[in-house]
Amino acid sequence: MTSQHAAELAALGIAAEANAPLHKRVWWRVGGVADLFAEVSDLASLTAARRWAAERGVPWFLLGNGSNLLVADAGIRGLVVRLVGSLADAIAEDAHVVAGAGCRNAVLLARAERHGWTGLDALAGIPGTVGGAVRMNAGSLLGETGDTLVEVTVMRADGTLTTLPKAALALGYRHCSLPAGAT
């Protein structure tokens, strides 16, 4: 990965850093560099970044809160993306809470308390993001993420979105089955 790749992403409106140190972005403060690192704040940018990577055969890695990750000294090859902005938000919509995959669990719980949203107790004390909590069906003695999950929207390598009902995820103890290549 070169600064040329970062320039290609910049042309798409995505600021990317080449050879970005990851130790600054994970809890344990260890690890090498990402070939490319970008923060995306909206669905259009996320779609553009995902398509860019797929078209070039560039490996893709979503970095959540970095709380359950040890990065090797060799780093991570390809494009590492962190979700921010609207992709890290949580809002009430009808009788449900809609949370972006980049929303930190602590933020979600603080909003839940402030707005009277219930059923999210299983995430109390769980570091990380909503995306990670769904991906591993995170939980505690109070339950697991899947207990209150209704549906998830995943992005495929070509940037298309698919909404899957909870039943399609084969949820189990610290397990969630997403379609191959979907994030």
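Here, residue 1 is the first one in the sequence, and each next residue gets the next number. As a basis for the values below, the full set of heavy atoms in this structure was taken, side chains included, without hydrogen atoms, waters or symmetry mates. Note that the coordinates shown come from a computational prediction; the quantities given were computed from them, not determined experimentally.
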Q: Spell out, yes or no, whether Met136 and Leu164 are grouped together once hydrophobic residues are joined by side-chain heavy atoms under 4.5 Å, including indirect joins.
A: no
Q.
In this structure, would Val134 and Val154 fall into the same cluster of hydrophobic residues linked by side-chain contacts under 4.5 Å?
A. yes
Q | Lys166 versus Asp147, closest heavy-atom pair with distance | A | NZ-O, 3.8 Å
Q | Minimal non-hydrogen separation, Trp52 against Glu8, with atom names | A | NE1-OE1, 2.9 Å
Q | Any donor-acceptor pair under 3.5 Å from Arg82 side chain to Gly64 backbone | A | yes
Q. Can you tell me how far the CG atom of Leu36 sits from the OG atom of Ser3, to the nearest 0.5 Å?
A. 9.5 Å
Q) Is any side-chain N of the basic residue among Lys24 and Glu17 closer than 4.0 Å to the acidic one's carboxylate O? A) no
Q.
Checking the side chain of Arg174 only, and the main-chain atoms of Asn137 only, is there a donor and an acceptor separated by less than 3.5 Å?
A. yes
Q.
Quick check: do Leu169 and Leu178 have side-chain heavy atoms less than 4.5 Å from each other?
A. yes
Q. Does the Arg111 side chain pair with the main chain of Val107, one donor and one acceptor, at a distance under 3.5 Å?
A. no
Q.
Taking side-chain contact (heavy atoms from CB on, under 4.5 Å) as the criterion, tell me which of Leu120, Leu149, Leu108 meets it with Val130.
A. Leu108
(Q) For Ala101 versus Leu83, what's the shortest heavy-atom pair and its separation? (A) CB-CD1, 3.7 Å
Q. How far does CG of Leu46 sit from CG of Leu161, to the nearest 0.5 angstrom?
A. 8.0 Å
Q. Quick check: does any side chain N or O of Asp73 sit under 3.5 Å from a backbone N or O of Gly32, one acting as donor and the other as acceptor?
A. no
Q) Between the side chain of Arg104 and the main-chain N/O of Thr129, is any donor-acceptor distance below 3.5 Å? A) no
Q | Co-members of the apolar cluster containing Leu141 [side chain, <4.5 Å] | A | none
Q. Does a side-chain heavy-atom distance below 4.5 Å link Val81 with Arg50?
A. no
Q: Grab the two heavy atoms, one from Ala133 and one from Thr145, that are nearest each other, plus how far apart they are.
A: O-OG1, 3.3 Å
**Q.** Fellow cluster residues of Val80, listed by chain then number, with links counted only when side-chain atoms sit under 4.5 Å apart
**A.** Leu22, Val26, Phe37, Phe61, Leu63, Leu69, Val71, Ile76
**Q.** Heavy-atom pair with the smallest gap, counting every atom of Ser140 and Asp121
**A.** OG-O, 4.4 Å
**Q.** Connected via hydrophobic side-chain network under 4.5 Å: Leu62 and Val33
**A.** no
Q) Can you name the closest pair of heavy atoms from Trp27 and Pro127 and give their distance? A) CH2-CB, 3.2 Å
Q) Do Leu171 and Glu144 have side-chain heavy atoms sitting under 4.5 Å apart? A) no
Q | Other residues, nucleotides, ligands: >12 heavy atoms within 6.0 Å of Glu113 CD | A | no
Q. Would Leu43 end up clustered with Val40 when hydrophobic side chains under 4.5 Å apart are linked, directly or stepwise?
A. yes
Q | Shared hydrophobic cluster for Leu12 and Leu87 (ILVMFWY, side-chain gaps under 4.5 Å) | A | yes
